[in-house]
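Here the structure comes first, spelled out in structure tokens, and everything after it is commentary.
Below, chains carry the letters A, B, ... as their sequence lines are ordered, and counting in each starts from 1. Since the model is a prediction, treat every value here as computed from it, not as a measurement.
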Amino acid sequence: MARIIAGVGTSHVPAIGAAMDNGATDSDYWAPLFEGYEPAREWMRRTRPDVAIVIYNDHASTFSLEMIPTFAIGVADVFQPADEGYGPRDVPAVHGHPELAWHLAENLILNEFDMTIANNLAVDHGLTVPLSIMFGQPDVWPCRVIPICVNVIQYPPPTGKRCYDLGRAIARIVASFAEDLTVVVFGTGGMSHQLQGERAGVINQPFDLDFLDRLVSDPIGLTKRPHVDYIREAGSEGIELVMWLAMRGALGDSVTEVYRHYHVPASNTGAGLTILEPG
Amino acid sequence: MKDYSDIPGTYVFDGEHSRKGYRLNMFCMSLNDAANRELFVRDESAYLDGRGLTPAQIKAVLGRDYLELLKLGGNIYYTFKLAMLDGKSMQYVGAQMSDMTEEAFREMMLNGGRPIDGNRHKGEF
């Protein structure tokens, strides 16, 4: 039987990936962020999941305004890094787990989550930067990956509650998969940041730390937070945090935070990382 | 009046905004293709011709006026592709949109970012 053994919440700032790709992680600017990633990587080396379900968003890389699926799941054998406007990141191709992905796609739809099914899905920094953060720079990513792409670019994204409920459904469906697999669920994006407008640069550290606390102790309370509160308090791009609630929903009622790291700034963002284990 | 209308300096990319910026954003999207980037760099005006952008949008693209691009329906993830092409960072763009020098913007971020206090409502902005 497949089982979810942990959840990871992490920012997916493109500059974090670029710092790794350009060998700048030891610089004064980046070292404090990357030092805090080391224990998380150590945890990941010990944990060695078979599959990572990565809940992320595309940033005008694969999906454009032509078609905007609210939830899409990648069922392919392999997902190539996307060209986001400056050539694809030089990171390994991402290998999928089509059997579990199709099991998820079919059963999510039958459980009333109307997924878009993607066979051809180039993945951008939203997915590859979290892999880089947790796995470093291997020649091959050490686990299979199932991308679940959430629209958070075109307003409105799905509600936090809907994301949380999606996570709960993912947990039930993973548990019904016959093969013996260990699964880690990633929720990515955030934390507070605003890239656009005269208010660009907003960071709200108390908001971010409260979010990390309540992700453990009060996820149901977090699911009641309306979009306007994210936009106002965490910046227009801080709304990506709804994707962390999908991860949290997949972990059950009670969790233990086994690691946390928070650092300002990573480019224009409050960068957070949390590792949660059920129980 | 939308519930987010009183958030200052913020252009929520809702349906109204998306409709206004569709052609502009789809032009930006075309820059994901290396061959298109080359064509655009070779002759920006010619590349923009016939793509359905308004004269104001074309002017803002050519002038790399990122705040104006937002006001004309642009979405930052799309319009930022122009900055990438120019080798400019998100901090450069953020500084330009908020009328700061890039140096001052970077310094502000190092000091914890733009404070949320005083920046929640239009009245206090």
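Expressed to the nearest 0.5 Å, how far CE of B:M109 lies from CD1 of A:I203 amounts to 4.0 Å. For the atom pair CD of A:Q154 and CG of B:N25, the computed distance is 9.0 Å after rounding to the nearest 0.5 Å.
For A:Q205, no part sits under 4.5 Å from any heavy atom of chain B, backbone or side chain. Of the atoms belonging to A:F63, it is backbone heavy atoms, and not side-chain ones, that fall under 4.5 Å from chain B. The contact between B:M29 and chain A is made entirely by side chain atoms (from C-beta outward), counting heavy-atom distances below 4.5 Å. In this structure, chain A has a heavy atom under 4.5 Å from the side chain of B:K71, while its backbone stays farther away. Proximity to chain B (any heavy atom under 4.5 Å) is restricted, for A:Y29, to the side chain, taken from C-beta onward.
Heavy-atom minimum distance, B:I7 versus A:I231: CD1-CG2, 3.6 Å. Heavy-atom minimum distance, A:E84 versus B:K81: O-NZ, 2.9 Å. Of all heavy-atom pairs between B:Y11 and A:Q196, the closest is N-OE1, 2.9 Å. The minimum heavy-atom distance linking B:M108 with A:A200 is given by the pair CE-O, 4.0 Å. Minimum interatomic distance between A:R199 and B:T10 (heavy atoms only, all atoms of both residues): NE-OG1, 3.4 Å. Here the closest non-hydrogen pair linking A:L65 and B:F13 is CD2-CE2, 3.7 Å.
Looking only at distances, a side-chain donor or acceptor of B:N32 sits under 3.5 Å from a matching main-chain atom of A:A60.
Comparing A:D229, A:N268, A:T269, A:V264 by heavy-atom pairs within less than 4.5 Å of chain B, the highest count is held by A:N268. By number of non-hydrogen pairs under 4.5 angstrom with chain A, the leading residue of B:Y4, B:Y78, B:F80, B:Y22 is B:Y78.
B:I116 has its side chain out of reach of A:R232: every pair of non-hydrogen atoms, C-beta onward, lies at least 4.5 Å apart. Under the 4.5 Å side-chain criterion, counting only non-hydrogen atoms from C-beta, A:N204 is in contact with B:R120.
Atom CG of A:D218 sits in a crowded spot, with more than 12 heavy atoms from other residues, nucleotides or ligands closer than 6.0 Å.
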